[in-house]
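One structure below.
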There are 4 protein chains.
Amino acid sequence: MTEAEERPRKRQARGERRIAQLLRAAASVFCAEGYTASSTNAIAREAGVSPGTLYQFFPNKEAIAVELGSRLVAEMEATHGRVFTVENALLPLDELIDAVADPFIEFNCANPAFLALIKGPDAPGKVAEGHDELHAALLTRLIELLAVREPDLHPDDRDQLAQMSFAMFKAGLDLVVQHEGEQREWYVREVKAMLYRYLEPHLGAGAVTRDTVPAP
Amino acid sequence: MTEAEERPRKRQARGERRIAQLLRAAASVFCAEGYTASSTNAIAREAGVSPGTLYQFFPNKEAIAVELGSRLVAEMEATHGRVFTVENALLPLDELIDAVADPFIEFNCANPAFLALIKGPDAPGKVAEGHDELHAALLTRLIELLAVREPDLHPDDRDQLAQMSFAMFKAGLDLVVQHEGEQREWYVREVKAMLYRYLEPHLGAGAVTRDTVPAP
Amino acid sequence: MTEAEERPRKRQARGERRIAQLLRAAASVFCAEGYTASSTNAIAREAGVSPGTLYQFFPNKEAIAVELGSRLVAEMEATHGRVFTVENALLPLDELIDAVADPFIEFNCANPAFLALIKGPDAPGKVAEGHDELHAALLTRLIELLAVREPDLHPDDRDQLAQMSFAMFKAGLDLVVQHEGEQREWYVREVKAMLYRYLEPHLGAGAVTRDTVPAP
Amino acid sequence: MTEAEERPRKRQARGERRIAQLLRAAASVFCAEGYTASSTNAIAREAGVSPGTLYQFFPNKEAIAVELGSRLVAEMEATHGRVFTVENALLPLDELIDAVADPFIEFNCANPAFLALIKGPDAPGKVAEGHDELHAALLTRLIELLAVREPDLHPDDRDQLAQMSFAMFKAGLDLVVQHEGEQREWYVREVKAMLYRYLEPHLGAGAVTRDTVPAP
DNA sequence: GATGAATGAGGATTCATTCAT
DNA sequence: TATGAATGAATCCTCATTCAT
């Protein structure tokens, strides 16, 4: 039956639209108020739907953040391609930083909700409750990238180095997003410079593997 | 007139104790929940007093944060002395970083509420509402320090440089506080290294004034 | 677009009932406690709903009073017809007073909340904050009626005369509502008599248009 | 012992000052906020004393109102003399009205708290709870005055007439107090006119006793 | 007497979530 | 699906009043 096939598709189509609408609203509210201070009612209102509708698609506030996070990641990849690739990992450091930072910066300026989510609820000890998955996911990829670039690095050091770099980058990103025009450009340059200078002794300025090939 | 002088502080013995108790409780709750998610009732409960008592000393949550912030600053100064001094400003960069970062790190490890306050409510655009004074105050001092060290720097650049450095340091501090033992030590070293390498091209490795004395 | 039109009122059957119920409860509480001393919780309790429900329909206490006021006016008009009409304005004074006062009296005896609202919060200087709209609306109509009856009266005098009359009538109404049976009848008569005697020199006993054209 | 005699006097003197101070504050707060919305803490603050001090002299909010009321009556009498006297009762009506209304008006313009108290908490049914004693006392005196002037009047009628007159006068007084300058003058005249015209048929324009002496 | 601290119930209002339609 | 109604605990904050000093 055509009906049996189309019905669910229709439903899914409408549902997909609703979800997108809700996530857009959530992004906007999270940006404006911060995650903690955002209310599901406010999100529903912003989306122009009733609270009930929101809960038809998300079991709770957290789930919205989580889904928003993963969609943003997907969207960023769709726009800028994969960023934590093996090729990038082996680039000279300055190019690596460009390759990773630029897409992030560009995407975050267009979608500041990304940052709002990564920052998360502001309790030091209250990590990893669900929507910090975004944070965790990105960190994992960064760790993997480091593992590719510096296979000999002790895992603990590698993880810590990733954490440091990520933390610095997030903080810098915040400044970038908060400013505009020339100031933003300045912060972009400085963030990259900071990363380069910080990482250079750890990773070497050139790509590790190629670097070691001595000229005859 | 003794009366006129004594009026404002008669039975402040008990009151002062209560205030301290409340601020201790607030620090604890802010750390555990983050500022936004902390409720005055929770603070009162933690302090073992009724909500009404809390409001006898503070008109609202903000005021608690503000007072806590200023007390922490004072306490840090009492413990570690002034940090943004002219002498420090003119130290060789590595020593300058030690002089400024070490007290902060040490104090924040002992008083993690400090960081919770500096981070503030998590909305990007919602800055400077009162308890961000703490953030602003520290930033100002850093700016002044930079002005002493690099008088020729354009004010805009100087401010942005301060903002960058402060943001990086805060982010690093967060990592430091979140870890313990050897890991914490590692982060401390890395944060300082990061600052050094980042700032060195801007500020010069040695003190500016001395640096300019060329060897014959 | 059917959707666009239906949106604002979909499930308002239950809601409308709730609103009526809440306003009934509010009327009762306002009467029993006075506006200032009435709490939204008390109103919700009286209506048998939770506080949250009340706030789904009204943003605050004021709004309840305002809505109750305008509904009472509407209800009075539905029951007794318009009272401040041009025809009434031109009636002989005694008939005018009957025409205006009787419906008010009857309606207020049945709905004493009306008076509770008109009296408003009991601060001399704190007028016109929103639910005094009821008072203002009635006063305006009275002013208009006077303008019809006495077009030559100076606007200032007219307004003051309206204010006097209204104040006297309200005070009298209070007595009427507070009593019952024969006493109430007595007060009704006296209030009307008072108004007649007070207004007669101002408005003339007969209609202004001087159908009193005397015979030669 | 001198001490034994002076001590209590001193105490009483200081206490009296405190009481006066508190009542002044209460008058001010009652006027500004209305009785219901006035808080004892606000009164204490306005008086510049602690809440505890207030409760050393008054057992509760009501008591403040009661005491304030009776002091205002006393003060009015001290300023304008007794007003509900037999002589006044027997004056021609216009003079009677002047004799009673003028002091009230004058005193209320200077002490608007008087009115705030007479109006009382704004619940129709919540009368006579204590600080309505002021209202009751004045009403009683008015009743007595009527009894003197019209001994033959049926007590019920007399009481009701007093109630009517008093209600009208209060309402008029409110308008008078709320206005200033020429407008106030206008309201004063109108209130008196209203009373005269209303009462004339009831009381006779001239004094009853003298009036009845027919000229030969 | 005087103070300021203390209370805890109660004020208005919001919120995440559920339910009936 | 979608809605709007419903909830009740939790929010911040105030109040009349009491108590220790």
Side-chain angles (χ1 to χ4, degrees), chain A residues 7 10-12 14-15 17-18 37-44 48-62 64, chain B residues 3 6-19 37-44 48-62, chain C residues 3 6-19 37-44 48-62 64, chain D residues 7 10-12 14-15 17-18 37-44 49-62 64:
Chain A
R7 268 282 175 79
K10 228 182 230 167
R11 264 180 207 157
Q12 281 172 5
R14 209 166 7 143
R17 244 181 296 135
R18 273 283 125 90
S38 297
S39 82
T40 54
N41 283 357
I43 294 171
V49 305
S50 69
T53 299
L54 184 154
Y55 279 89
Q56 214 125 33
F57 297 99
F58 301 100
N60 52 44
K61 199 163 75 156
E62 264 288 309
I64 302 177
Chain B
E3 216 197 305
E6 302 258 309
R7 263 284 171 83
R9 35 175 167 113
K10 194 139 194 200
R11 274 301 141 77
Q12 280 187 351
R14 195 152 87 257
E16 209 54 67
R17 245 180 294 137
R18 268 287 125 86
I19 288 178
S38 297
S39 83
T40 54
N41 281 2
I43 295 172
V49 303
S50 70
T53 298
L54 184 154
Y55 281 93
Q56 204 121 38
F57 299 101
F58 301 101
N60 51 45
K61 200 165 71 158
E62 264 288 306
Chain C
E3 216 198 307
E6 302 258 310
R7 264 284 172 84
R9 35 173 166 113
K10 194 142 193 198
R11 273 301 140 76
Q12 280 189 350
R14 194 149 89 259
E16 208 53 68
R17 245 180 295 135
R18 269 287 123 86
I19 289 178
S38 297
S39 83
T40 53
N41 282 0
I43 294 172
V49 303
S50 71
T53 298
L54 184 153
Y55 281 90
Q56 204 120 36
F57 299 100
F58 301 99
N60 52 45
K61 199 164 72 157
E62 264 288 306
I64 303 177
Chain D
R7 268 282 176 81
K10 229 184 230 169
R11 264 181 207 158
Q12 280 173 5
R14 205 166 14 140
R17 245 183 295 134
R18 273 283 127 92
S38 297
S39 82
T40 53
N41 282 357
I43 295 171
V49 303
S50 69
T53 300
L54 184 154
Y55 279 89
Q56 215 125 31
F57 297 99
F58 302 100
N60 52 43
K61 197 163 77 157
E62 263 290 305
I64 303 176

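Please read these numbers as outputs of a predicted model, since none were measured by experiment. Convention: sequence-line order gives letters A, B, ...; per-chain numbering from 1.
Between B/Arg17 atom CZ and E/dG4 atom P there is a gap of 16 Å when expressed in whole angstrom units. Taking atom CG on B/Leu54 and atom P on F/dC15, their separation rounds to 16 Å, with Å as the unit. For the pair C/Ile19 CD1 and F/dA5 C1', the interatomic distance rounds to 11 Å; values are reported in whole Å. Between D/Ile43 atom CD1 and F/dT17 atom P the separation is 11 Å, expressed in whole Å. The separation between C/Glu62 atom CD and E/dT13 atom C1' is 15 Å, rounded to whole Å.
The two residues D/Tyr55 and D/Asn60 come nearest to each other via the heavy atoms CE2-CA, 4.0 Å.
Taking the nucleotide of DNA chain F with the nearest heavy atom to each of B/Asn60 and C/Ser50, the more 5' of the two is matched to C/Ser50. Judged by closest nucleotide on DNA chain E, B/Asn41 is the one of C/Pro51 and B/Asn41 placed further toward the 5' end. Between B/Gln56 and C/Pro59, the residue whose closest nucleotide on DNA chain E is further toward the 5' end is B/Gln56.
Partners of D/Ser39 by side chain to side chain contact (heavy atoms under 4.5 Å, CB included), not counting sequence neighbours, listed by chain and number: D/Asn41, D/Ala42.
Taking 4.0 angstrom as the limit, D/Arg18 places none of its side-chain polar atoms (N or O) nearer than this to OP1 or OP2 of E/dG1. A sub-4.0 Å separation between OP1 or OP2 of E/dC15 and a side-chain N or O of A/Thr40 is absent. Residue C/Arg14 has no polar side-chain atom (N or O) positioned under 4.0 Å from OP1 or OP2 of E/dA20. Within the structure, a side-chain polar atom (N or O) of D/Tyr55 is placed less than 4.0 Å from OP1 or OP2 of F/dT17.
Within 4.0 Å of D/Ser39, counting heavy atoms only, lie sugar-phosphate atoms of the nucleic acid but no base atom. Counting any heavy atom pair closer than 4.0 Å across all strands shown, A/Phe57 reaches sugar-phosphate atoms only and no base atom. Using a 4.0 Å heavy-atom distance criterion, C/Thr53 is classed as a base contact.
Atom CD1 of residue B/Ile19 and atom OG1 of residue B/Thr53 lie 12.0 Å apart, to the nearest 0.5 angstrom. Atom CG of residue C/Leu54 and atom CD1 of residue C/Ile43 lie 6.5 Å apart, to the nearest 0.5 angstrom.
Helical stems involving DNA chain F, defined as 3 or more consecutive Watson-Crick or G-U pairs under 3.5 Å, span E:2-21 with F:2-21.
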